[in-house]
Every structure is written in C-alpha cells, then in structure tokens.
A.B. asks: 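Right, I'll just put the structure down here and ask away after.
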2 protein chains.
Amino acid sequence: MDRAECAVMEKFLKGGGLKVTRARKVVLEAFLELEGHMTAELLFTEVKKKDPGIGQATVFRTVKLLSEAGLAREACQDDGAKTYEHAFKHSHHDHLRCERCGKIVEFCDPTIEKAQEAIFVRYGFTPLEHKMQLIGLCAECAAGTGKPDAEGGKS
Amino acid sequence: MDRAECAVMEKFLKGGGLKVTRARKVVLEAFLELEGHMTAELLFTEVKKKDPGIGQATVFRTVKLLSEAGLAREACQDDGAKTYEHAFKHSHHDHLRCERCGKIVEFCDPTIEKAQEAIFVRYGFTPLEHKMQLIGLCAECAAGTGKPDAEGGKS
DNA sequence: ATGCATGCAAAGACTTTGCAAATTC
DNA sequence: GAATTTGCAAAGTCTTTGCATGCAT
C-alpha cells in the first residue's frame, strides 16, 4: 500500500462498507504492476504468482471493484477479449494499435479531443467519455522488418 | 438477392469455392434488414423468424463469412457484447451513444478523420481502420425527460 | 463476535465443433 | 456425383454464483 491508487481503493472500500482484505491488495498490486491492458485471465495468472491461493472468482470480483473505484477501466478488444486498463490519472488516452505485431501506442490529441467535444455539442449530448482505437501497421511491420506475428494471430 | 451486398456476398463465396446456400441467403437478408448493430443472438432470432429451421451454428458461421466478405464488421460493446454492423458502403462512421437511454447516433466528422490520419503519420503507422465511440447523455436524458433506463442498466 | 469475503466447484452464458444427412454445383 | 453445408447437440471458453469457512473490523 504505497501508491495513490491503494489509498483510492481503500477509501472506496471503506466508503462502501467493504473490507480491505489481503486478496484485494494482491489483486490491486498485480493490476498496478501490469502496465498496459490485461485480460482477466492474465491478471489472474499474475495474482497466482503472488499468491497461488487466490481463486479466479476473487480476481473477477475484485477487478470489478477496481472499475467501480475508478482505478480500472473495462475495455473490449475487437476480438471480443475483455480487457482492463489503468484508469486512475490516465484520464482518457487513445490507442493506436499495430494490426500485425500488436504493438500499442497510447496518445492523446487535442485536435481530436476538441472535435469530439464539437460532436457532442452538435447532437445535443452531454459528454461523458470516449474511446477511440486506430488500427494500422507500424513502420516496422509495414516495411516487413517487424516480427511477423507477435500476438495478432486471431482470425 | 437484389442488393449490391448480395452480389458482393455471392462473389465472395464463389471466389472462395464456397456455395451459395439458402441458409446463407436468409442470414444475409436478416442481416441487411437489421439496420443498426446487432448481437449474434438478435440476428439468430431474426433468421429464425424467416426460417425457423436454421440453427444458430449456421448463423454464427455465416456472420463470420459476412465479415470476411467485407459486409459486416465485428464490433464490441463496452459491456462485452459482441455485435455486428454493416460495413459495406458504410466505410467507417463513428458512434455517439447515450449512456442512459442507449440511443446511438452515427456520425462521421472530417476533422476527426483528418486528425486521425495525422496521428497515424506521426507515429509512422499505415492506417487501416479506426473505431471511435463517444459516450454521453442525449439532450432528453440530460434534461431528465427521457425514459429513465431503456437498456443501459448494466452496472 | 459479526458479517463480509474467500475459494472451490458447479452453473451459466455464449460460441464453436463433430458428425450424419441434406443441399449445391 | 462429389463435396461443401447444415442442424442438432455436445463440447469448449470465459465468467458468475452458491455455500461453508475464513478474515477483517
């Protein structure tokens, strides 16, 4: 418990009459250590490395708590894999992904942000959030010098 | 078989040594009639209305063919529901969704398109596609005059 | 001490696959 | 006529839930 996220989580738990348990701490730690986007399954694997005694049900339950606490954000890849990413102090960044090697670049573009704002206004909507993914080929893959298929082998 | 999409599908099937079957026609018809985004389940329901004899396996198999043919596009909602939407001559439009009533507005904004292009260039990527969702509250829901919770009751 | 949380395993939801029969080319 | 496709149902994958026990407060 040494990061701001931990304090947020504790506050969230106590505020909701929930308990700060070891399992929840372990899941949060594992979540924080996995920098990027992770599937529930990967998170479970990491949690087990730290504490083999923790069951997947707990991981699933806890990651939902993380979402509610505002620490995690549920996302959904095109292939249907539900993933979680850090949400605390990561407000909204968008993703540029290489179709071939799976590389993910996170970016935030003010022009797009403003344009999105304009869209909300145009249709009379109150903005809440947005999600954007750009999918393309990174320079290496486009040049054919990247490793052929690091993890994009789905269909 | 009277729309351009049907021709595309036929061409795709024959080109791949696949057969144009009644079941596939029915699935394509149902898909075309369902204007918006549909889950595989909803598509299956529609298909059964047209021909109760068609099994869900066929629908699942066929909708994948539609994707391959470029007629359908797999999407994935935040709640994990895998959906399909029209892709033929719908290139890419983006989605503005009301968090509360579930309303979906499709739009296409040149400014954003251009900005996205710029992002690809900035990171040396070759553009393939993009997906964007804006989530907010529509005017009615923001004003509290919309129906409370048409279908957004998830968490 | 109280009551929420846990872990296991079973259940659940959704999608895919195997196989014999039917259909398309 | 040959081979792909179909429909049924079973299997598979991923996630959720039930329940007795364990922990945090």
Side-chain angles (χ1 to χ4, degrees), chain A residues 1 6 9-30 37-48 50-69 72 74-84 154-155, chain B residues 1 6 9-30 37-45 47-69 72 74-84 154-155:
Chain A
M1 286 298 199
C6 302
M9 188 61 180
E10 265 197 49
K11 191 173 160 194
F12 168 78
L13 291 174
K14 292 183 177 169
L18 303 174
K19 291 174 180 175
V20 178
T21 66
R22 189 180 47 76
R24 283 175 180 164
K25 286 182 197 171
V26 172
V27 173
L28 176 55
E29 276 174 33
H37 311 71
M38 71 207 77
T39 60
E41 190 185 1
L42 175 59
L43 182 57
F44 178 41
T45 303
E46 285 299 312
V47 167
K48 272 194 298 190
K50 291 171 169 290
D51 185 334
I54 295 178
Q56 78 275 52
T58 299
V59 173
F60 276 102
R61 284 185 281 230
T62 305
V63 84
K64 284 198 170 53
L65 291 177
L66 292 178
S67 288
E68 291 172 31
E74 269 190 354
C76 199
Q77 305 303 332
D78 310 330
D79 54 15
K82 203 180 254 178
T83 59
Y84 294 90
K154 293 297 152 69
S155 62
Chain B
M1 286 298 201
C6 302
M9 187 62 181
E10 266 196 48
K11 190 174 161 193
F12 168 78
L13 291 174
K14 291 182 178 169
L18 303 174
K19 292 172 180 176
V20 178
T21 66
R22 190 180 47 77
R24 283 174 181 165
K25 287 182 197 171
V26 173
V27 173
L28 175 56
E29 276 174 33
H37 312 72
M38 70 207 79
T39 59
E41 191 187 1
L42 175 58
L43 182 56
F44 177 42
T45 303
V47 167
K48 274 194 298 190
K49 284 182 192 167
K50 290 171 169 290
D51 186 335
I54 295 178
Q56 79 275 51
T58 300
V59 174
F60 276 103
R61 286 184 282 228
T62 305
V63 86
K64 286 200 169 51
L65 291 177
L66 292 178
S67 287
E68 291 171 31
E74 268 190 355
C76 200
Q77 305 303 332
D78 309 329
D79 54 15
K82 203 180 252 176
T83 60
Y84 294 91
K154 292 297 151 69
S155 63

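Quantities reported herein were computed from a predicted structural model and do not represent experimental measurements. All values below were derived from every heavy atom in this structure, side-chain atoms included, with hydrogens, water molecules and symmetry-related copies excluded. A, B, ... follow the sequence lines: proteins, then strands. Residue 1 opens every chain.
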A.B. asks: Heavy-atom count around A/Lys50 NZ within 6.0 Å, excluding the residue itself: above 12?
C.D. replies: yes

A.B. asks: In whole Å, I'd like the distance from the NZ atom of A/Lys19 to the P atom of D/dC23.
C.D. replies: 12 Å

A.B. asks: Taking any heavy-atom pair under 4.0 Å as a contact, classify B/Ala57: base, sugar-phosphate, or nothing.
C.D. replies: base

A.B. asks: Taking CZ from B/Phe44 and C1' from D/dA9, how many angstroms apart are they, rounded to a whole number?
C.D. replies: 13 Å

A.B. asks: Would you indicate, yes or no, if C/dA5 has its OP1 or OP2 atom less than 4.0 angstrom from a side-chain nitrogen or oxygen of A/Thr21?
C.D. replies: no

A.B. asks: Among residues at least two apart in sequence or on other chains, which ones pass side chain to side chain donor-acceptor pair (under 3.5 Å) with B/Thr83?
C.D. replies: B/Gln77

A.B. asks: Grab the NZ-C1' distance between B/Lys64 and D/dT4 for me, whole Å please.
C.D. replies: 19 Å

A.B. asks: Are B/Thr62 and B/Leu28 packed together at the side-chain level, in the sense that at least one heavy-atom pair is separated by less than 4.5 angstrom?
C.D. replies: no

A.B. asks: Write down the distance between CD (B/Gln56) and P (D/dA11), rounded to a whole number of angstrom.
C.D. replies: 15 Å

A.B. asks: Quick one: closest heavy-atom pair of A/Thr58 and A/Ala23, and the distance?
C.D. replies: CG2-CB, 3.8 Å

A.B. asks: Once you round it to whole Å, what is the distance between C1' of C/dC8 and CD1 of A/Ile54?
C.D. replies: 14 Å

A.B. asks: In whole angstroms, how far is the P atom of C/dT24 from the CG atom of B/Leu65?
C.D. replies: 16 Å

A.B. asks: Find the distance A/Leu18:CG to C/dA5:P and express it as a whole number of Å.
C.D. replies: 5 Å

A.B. asks: Please report, rounded to the nearest Å, how far the P atom of C/dA5 is from the CG atom of A/Asp51.
C.D. replies: 18 Å

A.B. asks: Closest-nucleotide mapping onto DNA chain D: is A/Ala40 or A/Arg61 further toward the 5' terminus? I mean the 5' end.
C.D. replies: A/Ala40

A.B. asks: How do B/Glu41 and A/Thr58 order along DNA chain C: which one's closest nucleotide is nearer the 5' end?
C.D. replies: A/Thr58

A.B. asks: Can a side chain N or O of A/Arg24 be found less than 4.0 Å away from OP1 or OP2 on C/dT6?
C.D. replies: yes

